[in-house]
*Asks:* 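Before I ask anything, here is the structure I am working with.
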Amino acid sequence: WYHVSFTYTNRQDDSHAFYTPNAPIGMEPLEVEVQAPSHPFVVAFHLLFKILALTIYLFGLFVMEGRVSSPFVITFIISAIFLALDFWVTKNVSGRLLVGLRWWNDIKEDGSNVWVFESLEKEAIINPIESKIFWVALIVFPIVWFSFFLKQLFSFTGWDWAILCALSCTLQLANVTGYIKCAKEARKQMQDSLTSFVFSQALSAMTNQNSATTTV
């Protein structure tokens with residue numbers, strides 16, 4: 001068994017970490033190599049809704065034309081549903097399990113916004129392949145949607161579709177921004193912890209050396 005610790009950070013509050021106290025002497029857990037867990041179903045759903053939304057956008061009108069009275073409206077609604085599902089899964093599920101990150105925006109009583117980040121301290125249990133899939137999909141799909149947005153915007157005949165592309169860009173860029181900020185904050189938190197540890201060890205060594213000199 002191993003204990004997973006999460007650190008919660010934001011711009012205004014101090015960070016807090018949950019930890020497990022050291023076991024008594026002689027009762028320490030065995031040191032074993034912990035293999036990074038795999039989440040194939042999470043990876044599948046992380047990609048599924050992105051692919052479905054894009055597929056419906058590209059081919060939904062051709063499939064539904066002549067079969068329903070308003071093919072554009074049906075295509076728009078189905079694509080928007082898949083985009084909303086993708087936003088929720090990426091924000092609340094796949095980011096937490098695949099890269100150990102999670103973010104949200106907290107609105108205070110005075111109306112101010114605070115970015116709140118949650119990061120996994122033990123990066124060793126993150127599967128590197130799943131992490132790469134997460135980041136590549138997170139970055140590539142907004143670029144694809146933005147290219148379609150520009151295409152529809154400058155075609156002067158596809159402004160209805162440009163609205164759907166803009167909706168997709170907005171939702172996916174929100175996740176991109178949140179996770180990039182979260183990753184930077186987690187890296188900063190790790191560097192601060194490392195600096196604090198090195199400083200405390202150096203101070204402890206100096207104190208011990210002074211105590212030994214005084215005793216002599």
*Asks:* Can you tell me how far the CG atom of Leu98 sits from the NE2 atom of His46, to the nearest 0.5 Å?
*Replies:*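 Going from CG on Leu98 over to NE2 on His46, the span is 6.5 Å.
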
*Asks:* Which heavy atom of Leu83 sits nearest a heavy atom of Ala53, and at what distance?
*Replies:* CD2-CB, 3.7 Å

*Asks:* State, yes or no, whether a side-chain contact exists between Arg102 and Cys182 at a heavy-atom distance under 4.5 Å.
*Replies:* no

*Asks:* Hydrophobic clusters here meaning ILVMFWY residues chained together by side-chain heavy-atom distances under 4.5 Å, can you tell me if Val63 and Ile78 are in one?
*Replies:*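 Val63 does not cluster with Ile78.
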
*Asks:* Enumerate the salt bridge (Lys or Arg N to Asp or Glu O under 4.0 Å) contacts for residues 135-161, please, sequence neighbours excluded, ordered by first and then second residue.
*Replies:*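 Output for this query is empty, none listed.
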
*Asks:* Using residues 135-148 as the side-chain source, report each donor-acceptor pair under 3.5 Å to any protein atom, sequence neighbours left out, with the distance given to one decimal.
*Replies:*
from: Trp145; atom 1: NE1; to: Ser168; atom 2: OG; distance (Å): 3.2
from: Ser147; atom 1: OG; to: Val144; atom 2: O; distance (Å): 2.5

*Asks:* Mind checking the CG-CZ spacing from Leu47 to Phe134? Nearest 0.5 Å is all I need.
*Replies:*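 It comes to 11.0 Å.
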
*Asks:* Among residues at least two apart in sequence or on other chains, which ones pass side-chain contact (heavy atoms from CB on, under 4.5 Å) with Val68?
*Replies:*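 Testing Val68 for side-chain contact (heavy atoms from CB on, under 4.5 Å), a comparison that skips the adjacent residues, returns Met64, Pro71, Ile74.
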
*Asks:* At their closest point, which heavy atom of Val99 faces which heavy atom of Ser131, and how far apart are they?
*Replies:* CG1-OG, 3.5 Å

*Asks:* Return the minimal non-hydrogen interatomic distance between Ser94 and Val42, and the atom names on each side.
*Replies:* CA-CG1, 3.6 Å

*Asks:* Does Phe59 have any ring pair (Phe, Tyr, Trp, His ring centres under 6.0 Å) partners at least two apart in sequence or in another chain, and if so, which?
*Replies:* none

*Asks:* Calculate, to the nearest 0.5 Å, the distance between atoms CD1 and CD1 belonging to Ile56 and Ile77 respectively.
*Replies:* 12.5 Å

*Asks:* Which atom names give the shortest non-hydrogen contact between Ala162 and Leu153, and what distance separates them?
*Replies:* CB-N, 4.3 Å

*Asks:* Report the distance from atom CZ of Phe82 to atom CD1 of Ile51, rounding to the nearest 0.5 Å.
*Replies:* 12.0 Å

*Asks:* Would you compute the distance between atom CZ of Phe41 and atom CG of Leu48 and round it to the nearest 0.5 angstrom?
*Replies:* 12.5 Å

*Asks:* Going by side chain to side chain donor-acceptor pair (under 3.5 Å), name the residues that satisfy it together with Tyr179, two or more places apart in sequence or in a different chain.
*Replies:*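 By the side chain to side chain donor-acceptor pair (under 3.5 Å) rule, Tyr179 matches no residue at all.
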
*Asks:* Tell me which pairs pass side-chain hydrogen bond (donor to acceptor under 3.5 Å, both in side chains) where either residue lies in residues 70-92, with sequence neighbours left out.
*Replies:* Lys50-Asp86, Lys50-Thr90, Asp86-Thr90

*Asks:* Do Tyr57 and Leu173 belong to the same hydrophobic cluster, where Ile, Leu, Val, Met, Phe, Trp and Tyr are linked whenever their side-chain heavy atoms lie under 4.5 Å apart, directly or via other members?
*Replies:* no

*Asks:* I'd like to know if Leu52 and Ile81 are part of one continuous hydrophobic network [Ile/Leu/Val/Met/Phe/Trp/Tyr, side-chain heavy atoms within less than 4.5 Å].
*Replies:* yes

*Asks:* Taking atom CZ of Phe72 as the centre, does the number of heavy atoms from other residues, nucleotides or ligands within less than 6.0 Å exceed 12?
*Replies:* yes

*Asks:* When you measure from the side chain of Gln152 to the backbone of Cys165, do you find a donor-acceptor pair of N or O atoms at a distance under 3.5 Å?
*Replies:*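 Checking the backbone N and O of Cys165 against the side chain of Gln152, no donor-acceptor pair under 3.5 Å is found.
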
*Asks:* Give, for atom CZ of Phe49 and atom CZ of Phe87, the distance between the pair rounded to the nearest 0.5 Å.
*Replies:*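 The CZ atom of Phe49 sits 14.5 Å away from the CZ atom of Phe87.
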
*Asks:* Going by salt bridge (Lys or Arg N to Asp or Glu O under 4.0 Å), name the pairs with one or both residues in residues 56-81, residues two or more places apart or in two chains.
*Replies:*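 For residues 56-81, and leaving out neighbouring residues, there are no salt bridge (Lys or Arg N to Asp or Glu O under 4.0 Å) pairs at all.
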
*Asks:* Hey, any chance Trp159 and Phe154 share a hydrophobic cluster, counting ILVMFWY side chains that come within less than 4.5 Å of each other, even indirectly?
*Replies:*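 Hydrophobic grouping puts Trp159 with Phe154.
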
*Asks:* Would you name the heavy atoms of Ile126 and Gly100 that are closest together and state the gap between them?
*Replies:*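 Smallest heavy-atom distance, with atoms named: CD1-N, 3.7 Å.
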
